[in-house]
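Following: one structure in structure tokens, then a few remarks.
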Amino acid sequence: MTSILVLNGPNLNLLGTRQPEVYGSTTLAEIEESCVAHGASRDISVSCFQSNHEGALVDAIHDARNTFDGIILNAGAYTHTSIALMDAVASVELPVIELHLSNIHAREEFRHKSYLSKVALGQICGFGSHGYVLAIDALKAHLDSAS
Ligand code: CA2
């Protein structure tokens, strides 16, 4: 069975409580439930983890190597700053889809740069919480075509 980790970074635990005009009104718990349910309907095991700490996200990426077939990563603001996360993604040699709720390219200039894009399989952004489901399907299709 395909196994996917959905990994969320800093401040995403606040989803649904503030800035709904930017990030929507769906909570992280609801997003995680929909990811698990969507995966189950397609014979994909989905596990979810969120942390506000860069090192914990690096550890989760390292630990994924022996457990998961791929990762969906919304690294939040670390997307734009973290060479450590970029190096972690490059080191595990798992397919990683970079995910953003908002269209980072249509926002402030500092959000246009992503260290993760250099090492990710691809990027999905601008589709709100639906992006996670799109990413699960894209990752599954990639894994099926690679096997
Ligand atoms: O659009 C995305 O998913 C982002 O990764 C979200 C990050 C932002 O720094 C990235 O540029 C794009 C911010 C997440 C903050 O989430 C909040 C949720 C509710 C209230 C406040 C912040």
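Just follow the structure's listing: the first ligand is 1, and inside any ligand the first atom is 1. Here, residue 1 is the first one in the sequence, and each next residue gets the next number.
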| query | Does some non-hydrogen atom of L15 fall short of 4.0 Å from ligand 1? | reply |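 L15: in contact with ligand 1 (<4.0 Å).
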| message | Is there a side chain to side chain contact (heavy atoms under 4.5 Å, CB included) between D137 and H38? Walk through the geometry before answering. | response | CA-CA 9 Å; D137 289 345; H38 186 77; 2.8 Å; yes
| said: With heavy-atom distances below 4.5 Å as the criterion, would you say the side chains of T2 and D43 are in contact? | reply: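 A side-chain contact under 4.5 Å is absent here.
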| field | L15 side chain reached by T26 side chain, heavy atoms, under 4.5 Å | value |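 Heavy-atom side-chain distance check fails, nothing below 4.5 Å.
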Which protein heavy atom lies closest to [atom], and at what distance to 0.1 Å?
atom: atom 4 (C) of ligand 1; result: H100 ND1, 3.7 Å
atom: atom 1 (O) of ligand 1; result: S102 OG, 2.5 Å
atom: atom 20 (C) of ligand 1; result: R18 O, 3.4 Å
atom: atom 3 (O) of ligand 1; result: L101 N, 2.7 Å
atom: atom 13 (C) of ligand 1; result: Y23 OH, 3.4 Å
atom: atom 14 (C) of ligand 1; result: L12 CD2, 3.8 Å

| task | Measure from atom 17 (C) of ligand 1 to every heavy atom in N8, N13, N11 and give the option owning the shortest one. | result |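 The residue whose heavy atom sits nearest atom 17 (C) of ligand 1 is N11.
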| Candidate with minimal heavy-atom separation from atom 9 (O) of ligand 1, of H80, Q19, R111 |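 Nearest option to atom 9 (O) of ligand 1, by heavy atoms: R111.
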| query | How does T17 reach ligand 1, by side chain, by backbone, by both or by neither, if only non-hydrogen atoms under 4.0 Å count? | reply |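 Neither; no heavy atom under 4.0 Å.
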| field | Contact atoms of ligand 1, heavy-atom distance to A77 under 4.0 Å | value |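 Heavy-atom distances to A77 below 4.0 Å select 9 (O).
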| field | Sub-4.0 Å atoms of ligand 1 with respect to non-hydrogen atoms of I104 | value |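 Those of ligand 1 that fall under 4.0 Å from I104 are 12 (C).
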| H112 (side chain) donor-acceptor with H105 (main chain) under 3.5 angstrom |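 Between the backbone of H105 and the side chain of H112 there is a qualifying donor-acceptor contact (under 3.5 Å).
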| remark: Between A135 and I97, the two heavy atoms sitting closest are O-CD1, 3.5 Å
| Cation-pi, F110 ring and K113 (6.0 angstrom, 45 degrees) |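 Here K113 fails the 6.0 Å and 45° test against F110.
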| field | H53, NE2: over 12 other non-hydrogen atoms inside 6.0 angstrom | value |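 At most 12 heavy atoms, drawn from other residues, nucleotides or ligands, come within 6.0 Å of this atom.
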| query | How many angstroms lie between atom NE2 of H100 and atom CG of L12, to the nearest 0.5 angstrom? | reply | 10.0 Å
